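Working notes for the structure below.
The model shown is predicted, which means the values in this text are computed figures rather than measured ones.
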Amino acid sequence: MPKLLDQTRDCIRVRHYSIRTEVTYLRWIRDFIIFHRKRHPKEMGAPEVRNYLSNLAVKRNVAASTQNQALSAILFLYREVLDIKLDWIEGVERAKKTVRLPVVFTRDEARAVLTRLDGTKWLTASLLYGAGLRLMECIGMRVKNVDFAQSQIVVREGKGGKDQVTMLPQSLIEPLRIHLERVRSLHGQDLREGFGDAILPHALARKYPNAGREWGWQYVFPSARRSVDPRTGIERRHHVLETALQKAVKQAIRSAGIDKPGSCHTFRHSFATHLLEDGYDIRTIQELLGHSDVRTTMIYMHVLNKGGKGVRSPIDN
């Protein structure tokens with residue numbers, strides 16, 4: 001089994017999948033093999049995949065998205081690693097997909113959470129709310145993706161591998177400039193100590209060997225300490241861990257006395273909803289969020305204070 005997982009890991013890295021996708025796929029493939037008592041996947045096929053996926057839904061009661069994630073991992077194993085085409089998988093017991101409305105802060109609640117954060121955590125959370133960024137898009141941002149002249153942020157290879165452009169809030173320009181001055185000083189220290197080589201996407205490091213040491217490729221929110229890259233074994237400064245901000249935001253929500261199950265992603269939902277409240281066009285918001293389909297953006301119409309069509313209850317008349 002370790003040899004098969006190593007092959008899978010190599011296939012994932014050749015295709016430049018993220019480290020999180022790598023970890024997730026390997027976890028599901030390992031679970032699939034253990035479920036069938038460590039039989040090699042070559043000895044199994046569509047019936048075993050069907051039984052495993054049905055077990056996830058019926059016995060383990062996983063969400064539909066989790067079941068789909070497991071299916072994607074197993075299909076990757078068979079198609080890309082083992083070069084085996086599975087028969088069409090029918091009769092799978094599907095996990096029930098629940099349609100939920102997003103949790104949204106009011107403007108006062110968003111302000112209350114932000115005022116209970118400070119330093120880098122305040123700045124990152126402010127960008128989540130002020131620019132509608134996803135958590136990993138924010139903390140994985142490079143210096144060259146911040147355009148002060150145009151007051152915009154370029155998101156490279158966001159969700160689905162898409163690029164997008166969103167706004168850089170005017171109120172965050174100066175705090176971000178000051179923050180980047182400190183980051184530049186830290187990068188200079190790394191260079192003097194023989195480090196400062198940021199990880200580059202895909203094969204850019206081979207094409208431009210010195211690009212990783214350039215200022216533009218550094219993370220806007222670097223970690224406080226250098227660490228060894230698990231894929232290359234090179235010691236470098238990665239971006240901050242997302243868990244630190246997640247914990248800080250959760251604590252700020254509790255401290256503010258907000259009972260909603262909010263998180264970092266709630267700022268993105270609030271960004272879209274508050275823009276709709278301010279009368280901005282749904283297509284504009286779609287572009288800022290990077291949604292491929294406007295129907296994804298339309299869900300925010302259902303959480304406006306006055307409803308999607310501004311309907312007023314008869315009891316309020």
Side-chain angles (χ1 to χ4, degrees), residues 18-20 102-105 107-148 151-159 163-187 190 198-199 215-227 236-256 258 260-275 288-290:
S18 72
I19 186 68
R20 285 168 180 77
V103 176
V104 174
F105 293 134
R107 296 169 194 265
D108 287 341
E109 287 171 342
R111 191 178 302 112
V113 174
L114 291 175
T115 55
R116 284 166 171 78
L117 300 171
D118 55 20
T120 302
K121 294 183 178 64
W122 170 83
L123 183 56
T124 48
S126 296
L127 283 169
L128 298 183
Y129 178 44
L133 296 173
R134 297 180 180 90
L135 175 58
M136 295 309 299
E137 290 172 350
C138 183
I139 65 174
M141 187 164 48
R142 310 287 184 135
V143 172
K144 67 186 185 66
N145 299 139
V146 180
D147 188 343
F148 287 107
S151 295
Q152 64 183 23
I153 295 171
V154 181
V155 178
R156 297 294 186 189
E157 296 190 17
K159 188 174 182 180
D163 291 353
Q164 73 183 79
V165 177
T166 188
M167 66 183 71
L168 172 59
Q170 294 296 312
S171 60
L172 297 181
I173 288 179
E174 192 57 29
L176 189 54
R177 285 186 187 277
I178 295 172
H179 168 78
L180 286 176
E181 288 177 5
R182 293 195 294 267
V183 174
R184 190 158 201 162
S185 175
L186 184 63
H187 176 54
D190 284 344
I199 188 169
W215 167 237
W217 278 107
Q218 305 309 307
Y219 288 110
V220 173
F221 299 106
S223 59
R225 298 179 180 178
R226 294 189 298 264
S227 59
R236 52 166 53 103
R237 196 177 296 276
H238 203 54
H239 59 63
V240 293
L241 289 175
E242 66 272 23
T243 52
L245 182 60
Q246 288 169 332
K247 291 177 182 177
V249 168
K250 285 286 187 182
Q251 178 58 42
I253 291 172
R254 288 193 295 268
S255 177
I258 299 171
K260 298 174 181 178
S263 65
C264 290
H265 205 64
T266 306
F267 283 121
R268 177 174 164 87
H269 295 322
S270 305
F271 166 84
T273 305
H274 296 167
L275 286 181
L288 292 172
L289 292 174

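- The side-chain heavy atoms of L245 and V240, taken from C-beta on, include no pair separated by under 4.5 Å.
- Minimum interatomic distance between K121 and A244 (heavy atoms only, all atoms of both residues): CE-O, 3.8 Å.
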Would you check, one step at a time, whether the test side-chain contact (heavy atoms from CB on, under 4.5 Å) holds for L168 with V146?
CA-CA 8 Å; L168 172 59; V146 180; 4.1 Å; yes
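- Within the structure, every pair that satisfies the side chain to side chain donor-acceptor pair (under 3.5 Å) test and touches residues 122-133, not counting sequence neighbours, is listed here: W122-S126, Y129-H274.
- Across G216 and R142, no two heavy atoms sit closer than the pair O-CB, 3.8 Å.
- Listed by chain and number, the residues in a side-chain hydrogen bond (donor to acceptor under 3.5 Å, both in side chains) with Q246 amount to none (sequence neighbours excluded).
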Evaluate V220 against V183 for side-chain contact (heavy atoms from CB on, under 4.5 Å), listing each step before the verdict.
CA-CA 7 Å; V220 173; V183 174; over 6 Å; no
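- T166 places no side-chain N or O within 3.5 Å of a backbone atom of I153 that could act as its donor or acceptor partner.
- For L114 against A125, the heavy-atom pair with the smallest separation is CD2-CB, 3.7 Å.
- Here the closest non-hydrogen pair linking S171 and P175 is O-CD, 3.5 Å.
- A distance of 12.5 Å separates CG of L180 from NE2 of H187, quoted to the nearest 0.5 Å.
- Put simply, the side chain of F221 reaches to within 4.5 Å of the side chain of H179, judged on heavy atoms.
- Checking side-chain atoms of R268 against main-chain N and O of L289 turns up a donor-acceptor pair under 3.5 Å.
- At least one donor-acceptor pair closer than 3.5 Å links the side chain of K250 to the backbone N or O of G262.
- In this structure, CG in D108 is found 9.5 Å from CD1 in I258, a value given to the nearest 0.5 Å.
- Separating the CG atom in L172 from the CZ atom in R177 is a distance of 12.5 Å, to the nearest 0.5 Å.
- Between L133 atom CG and F267 atom CZ the span is 12.5 Å, to the nearest 0.5 Å.
- With sequence neighbours excluded, the residues forming a salt bridge (charged side-chain N to carboxylate O under 4.0 Å, His left out) with R107 are E277, D278, listed by chain and number.
- In terms of modelled atom types and a separation under 3.5 Å, the side chain of T273 and the main chain of H269 share a donor-acceptor contact.
- L128 places none of its side-chain heavy atoms less than 4.5 Å from the side chain of V249.
- Remark: R20 pairs with E242 by the salt bridge (charged side-chain N to carboxylate O under 4.0 Å, His left out) rule, at least two apart or across chains.
- Residues V103 and P261 come closest through the heavy atom pair CG2-CG, 3.9 Å.
- For R237, the salt bridge (charged side-chain N to carboxylate O under 4.0 Å, His left out) partners two or more places apart in sequence, or in a different chain, are D190.
- For the pair M167/F271, a side-chain contact is recorded, criterion being any heavy-atom separation below 4.5 Å from C-beta on.
- For the side-chain hydrogen bond (donor to acceptor under 3.5 Å, both in side chains) test, residues two or more places apart in sequence or in another chain that qualify with K260 are E109.
- The two residues S151 and Q170 come nearest to each other via the heavy atoms OG-NE2, 2.9 Å.
- In this structure, the separation between CG on L135 and NE2 on H265 is 9.5 Å, given to the nearest 0.5 Å.
- Of the possible polar contacts, one joining the T115 side chain to the A112 backbone as a donor-acceptor pair under 3.5 Å is found.
- By the 4.5 Å heavy-atom criterion applied to side chains, M141 and L127 are counted as neighbours.
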